[in-house]
Amino acid sequence: MDSAPVLCPVILAVPAPAQQLKGRQKVAWLSAFARKALGLSAKQSGLVLGPLEKDADGAPVPAAGIHWSISHKSTYVGGVVAPRPVGLDIERITACSAGLMKKVADAAEWDLSSDPSPKLFFRYWTAKEAVLKATGRGLRDLSRCRITAVIDDHHLRLAYSGKTWTVAHHYFDDHLASLTDPPGPVCWTVSEDAADLSPSTEQQAEGVGKIS
């Protein structure tokens with residue numbers, strides 16, 4: 001039986017000049033840069049992407065049978081390709097309000113952990129958003145996507161649309177990235193320079209793992 005493919009999400013630091021852009025110009029720049037990360041992920045994974053298109057709801061359409069997901073923030077962008085539906089989300093870990101915590105998860109979900117910290121909030125938030133990206137659904141379904149287990153510091157289990165999902169986390173520079181349902185090992189690449197994209201031994205060791 002063939003082994004599960006290694007997923008290769010790529011995260012790139014946004015150059016300082018681009019961080020100063022505003023409005024639509026910044027959004028367009030970040031979107032294009034995230035597609036660069038996507039191309040690098042495809043290269044590392046040995047997968048070939050076709051034209052990148054979105055459906056009427058703005059969800060990525062598989063390109064030549066390859067699924068893809070991107071995320072972009074002011075300081076980092078990311079992209080990943082996979083042979084099946086995939087979702088990637090990135091956020092900076094910061095303080096959050098009680099009201100926002102209540103919006104993202106209910107009391108039963110928060111009770112799954114004894115540490116309701118900002119890190120846990122962003123684990124929940126990015127995990128749910130990654131699952132909704134993988135299914136092509138927007139945040140309107142946030143309340144239907146539920147955390148069912150805090151497996152360890154790097155994995156959560158969720159239930160959504162009749163399916164159980166596992167989400168893997170990667171921590172870097174006060175940020176958190178979440179990746180849906182990795183079928184096998186994950187090799188994370190986080191680079192300050194897009195020309196230097198060899199994952200460090202530490203990154204590979206932290207990022208490789210499978211939860212059954």
Side-chain angles (χ1 to χ4, degrees), residues 4 7-11 34 37 41 58-60 67-73 76-82 84-188 190 203 206-212:
L7 296 189
C8 301
V10 171
I11 297 170
S41 174
H67 297 263
W68 57 281
S69 182
I70 60 173
S71 181
H72 48 79
K73 305 301 173 185
Y76 285 95
V77 303
V80 64
V81 301
R84 66 178 189 174
V86 65
L88 175 70
D89 193 54
I90 299 170
E91 291 286 351
R92 182 168 176 260
I93 300 172
T94 61
C96 55
S97 68
L100 194 54
M101 291 181 68
K102 185 177 180 180
K103 180 179 179 181
V104 167
D106 65 21
E109 292 172 281
W110 290 119
D111 285 345
L112 294 171
S113 173
S114 60
D115 180 28
S117 63
K119 184 179 82 169
L120 184 67
F121 169 82
F122 284 102
R123 289 182 68 188
Y124 279 26
W125 172 260
T126 57
K128 290 191 176 192
E129 186 157 353
V131 168
L132 294 173
K133 284 184 177 183
T135 57
R137 305 294 293 176
L139 290 177
R140 61 185 178 274
D141 268 5
L142 187 66
S143 63
R144 295 179 55 212
C145 185
R146 297 181 55 80
I147 309 294
T148 59
V150 178
I151 300 170
D152 56 32
D153 202 41
H154 289 270
H155 301 88
L156 294 175
R157 187 166 289 129
L158 301 88
Y160 174 67
S161 193
K163 177 180 176 180
T164 297
W165 297 78
T166 299
V167 169
H169 301 307
H170 186 69
Y171 303 94
F172 62 99
D173 191 27
D174 295 326
H175 285 67
L176 167 64
S178 286
L179 178 71
T180 57
D181 245 16
V186 180
C187 185
W188 294 90
V190 180
Q203 287 171 334
E206 179 182 346
V208 172
K210 181 179 180 181
I211 295 294
S212 59

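It should be emphasised that the depicted structure is a prediction, and the values quoted were computed from it without experimental measurement.
The shortest side-chain heavy-atom distance between Ile70 and Val77 does not fall under the 4.5 Å cut-off. Residues Lys163 and Thr135 fail the side-chain proximity criterion, which asks for heavy atoms closer than 4.5 Å. Counting only heavy atoms from C-beta outward, the side chains of Asp153 and Lys119 approach each other to under 4.5 Å.
With rounding to the nearest 0.5 Å, the separation of CH2 in Trp165 from SG in Cys145 is 8.5 Å. Distance check, rounded to the nearest 0.5 Å: CD1 of Ile90 to OG of Ser71 gives 4.5 Å. Atom-to-atom distance recorded for Phe172:CZ and Trp188:CH2 is 8.0 Å, nearest 0.5 angstrom. A distance of 9.0 Å separates OG1 of Thr164 from CG of Leu158, quoted to the nearest 0.5 Å. Distance check: Leu88 CG to Ile11 CD1 gives 6.5 Å after rounding to the nearest 0.5 Å. To the nearest 0.5 angstrom, Thr94 atom OG1 is 8.0 Å from Phe121 atom CZ.
Between Cys187 and Pro9, the shortest heavy-atom distance links the atoms O-CD, 3.6 Å. The heavy-atom pair separating Phe122 from Ile93 by the smallest distance is CD1-CA, 3.8 Å. Across all non-hydrogen atoms, the minimal contact from Ala127 to Leu156 is CB-CD1, 3.8 Å. Closest heavy-atom contact between Ala134 and Gly87: CB-N, 3.7 Å. Taking both residues in full, the closest heavy atoms of Arg144 and Tyr160 are given as O-CD1, 3.7 Å, listed atom of the first, atom of the second, then distance. A pairwise comparison of heavy atoms in Ser41 and Val80 identifies OG-CA, 3.4 Å as the closest pair.
Applying the side-chain hydrogen bond (donor to acceptor under 3.5 Å, both in side chains) test to every pair with at least one member in residues 174-186, sequence neighbours left out, gives these pairs: Thr75-His175, Thr126-Ser178, His169-Ser178. Within the structure, salt bridge (Lys or Arg N to Asp or Glu O under 4.0 Å) pairs that include any residue of residues 98-112 comprise Asp106-Arg146, Glu109-Lys128, Glu109-Arg146 (at least two apart or interchain).
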- Message: Using the rule given for side chain to side chain contact (heavy atoms under 4.5 Å, CB included), can you reason through His170 versus Val186, listing the C-alpha separation, both sets of side-chain angles and the distance that settles it, and then say yes or no?
- Response: CA-CA 10 Å; His170 186 69; Val186 180; over 6 Å; no

- Could you please spell out the steps behind the side chain to side chain contact (heavy atoms under 4.5 Å, CB included) verdict for Leu142 and Trp125? CA-CA 9 Å; Leu142 187 66; Trp125 172 260; 4.0 Å; yes

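No donor-acceptor pair closer than 3.5 Å links the side chain of Lys73 to the backbone N or O of Glu91.
Here Trp110 pairs with Tyr124 under the ring pair (Phe, Tyr, Trp, His ring centres under 6.0 Å) rule; sequence neighbours left out.
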